[in-house]
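As structure tokens, the structure follows; a few thoughts come after it.
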Amino acid sequence: MDRLSERPVNIDVGTGYELPEPHSASDLVEVERGTPAGELLRRYWHPFALAADASDVPRPVKVLGEDLILFRDGSGRPGLVHHRCCHRGTSLYYGKVEERGIRCCYHGWLFDIEGNTLEMPCEPEGGQHLERYRQPWYPLVDYHGMLFTYLGPPQLKPAFPTYDVLSDVAEGWEVVADDNNIGLHGDPTPCNWFQTHENVMDPFHVYVLHAGFSGNQFVAEMQSLPEVSWHFTPHGVKSHQDRELDDGRFFHRVTEVLMPNVRIVASPFVEHEGQATSVAWTLPISRTETKIFTILKRPIGSPSRRASYGGKRWEELTPSEHQQMPGDYEAMVGQGPVTLHSEERLASSDRGVVMFRHRFRECLKQMAAGEDPPAVSYDAQVQAARYEVRAGNYIGDRDEVISRG
Ligand code: FES
Ligand SMILES: [Fe+2]
């Protein structure tokens, strides 16, 4: 009999020592080419930069773990190519942008925005059979000043989806692209995209993290504990957050996620009653880096509001203020670079997170069965792919507002 089995078994159980080896759910967090989730993500268009980021200076960008170079050729066309030159692999970060494309610094091969080799200056007659040499490239779409790319199988490239809230723009309003992330402007958030994205189906954290723990960061309408329900939709999952306001009106707030990484969240500052005025995407930059890109509609020139941390902006906080007044950044990065799903103890308020994970896994199964994932359309007519947003802040008579979202 060894020492362990001689001792009583039921004292002080539940210590960390008893945990099994922790692990992440790899099917949810992978982003790389060839992995099931990475292939699912590669069936959609993703925003990754502002149109203004494409210039005559090669700019390194990373999308789904792939190192790429963004540039704009002399005729104004944006291009996105692998950062490694297809000749002998130096980085096109050191290239020069010219009228017709980007020229590698090492041996001067010139590539156009679709990776076609136009010149090989060290080869006889400036290169023969140029068509045999192609720099890996990806297609781009500029949508409202945001650049989107598609990294999946070329023959399965979907029609570019559009959204009614961004297309129907009233007089005096404008549509702008915004790469303001949670955390520091421009910097990726150092954690996996999935834990960032599933937060959208976790409305209860608003009541604690944003409306009490770190002060009330939004507005009075958002402060009380809502009655929450979650619902599967044809393209994803949505949540209803219902509150009786002090003035007797009913506040029906609807938040949506569309597969795999679209987030439609009405403004938590509730400036406008009705349908949400923005659409955002949670971009997996790599397995451990994430960035949120937003396209929003607003009255022309109106400043965008940000959460308040005791009257300061997040980026103005000292390290000790970050500890005392955490926000989404701290909560999500605090889960680790990739959260450990094996150590979670989910409760009833996590139902939306569970539903989103379930929906994501259903998509993986569809892919494995050779089917198209949801919300993918090959109809060349963009109108066919236009999405009608349900998310919003609906305020008024109870029955009337519930019918709207
Ligand atoms: S490595 Fe790019 S031209 Fe040789
Ligand atoms: Fe949040």
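For ligands, and for the atoms within them, numbers begin at 1 and follow the listed sequence. Computed from a predicted structure; not experimentally measured.
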Only pairs under 3.5 Å count here: list side-chain donor-acceptor contacts from residues 169-177, not counting sequence neighbours, and write none if there are none.
unit_1, atom_1, unit_2, atom_2, d
Glu174, OE2, Arg298, NE, 2.9
Glu174, OE2, Arg298, NH2, 3.2
Glu174, OE2, Gly301, N, 2.7

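Checked against ring pair (Phe, Tyr, Trp, His ring centres under 6.0 Å), Tyr394 has no partners two or more places apart in sequence or in another chain.
With salt bridges taken as basic N to acidic carboxylate O contacts below 4.0 Å, none links Glu273 and Arg249. Look at Lys365 and Glu362 and you find a salt bridge, because one of the NZ, NE, NH1 or NH2 atoms lies within 4.0 Å of a carboxylate O, short of that distance.
Around the Fe ion (ligand 2), protein N, O or S atoms at less than 2.8 Å comprise His205 NE2, His210 NE2, Asp328 OD1, Asp328 OD2. Around atom 4 (Fe) of ligand 1, the protein N, O or S atoms found under 2.8 Å comprise His87 ND1, His107 ND1.
In this structure, Arg42 contributes its side chain and Gly38 its backbone to a donor-acceptor pair below 3.5 Å. Proximity of a side-chain donor or acceptor of Arg134 to a complementary backbone N or O of Glu114 within less than 3.5 Å is detected.
Atom OH of Tyr94 is surrounded by 12 or fewer heavy atoms from other residues, nucleotides or ligands within 6.0 Å.
None of Tyr138, Tyr143, Phe160 except one satisfies the ring pair (Phe, Tyr, Trp, His ring centres under 6.0 Å) rule with Trp45; the exception is Phe160.
Asp112 and Gln135 share no donor-acceptor pair across their side chains, judged by distance under 3.5 Å alone.
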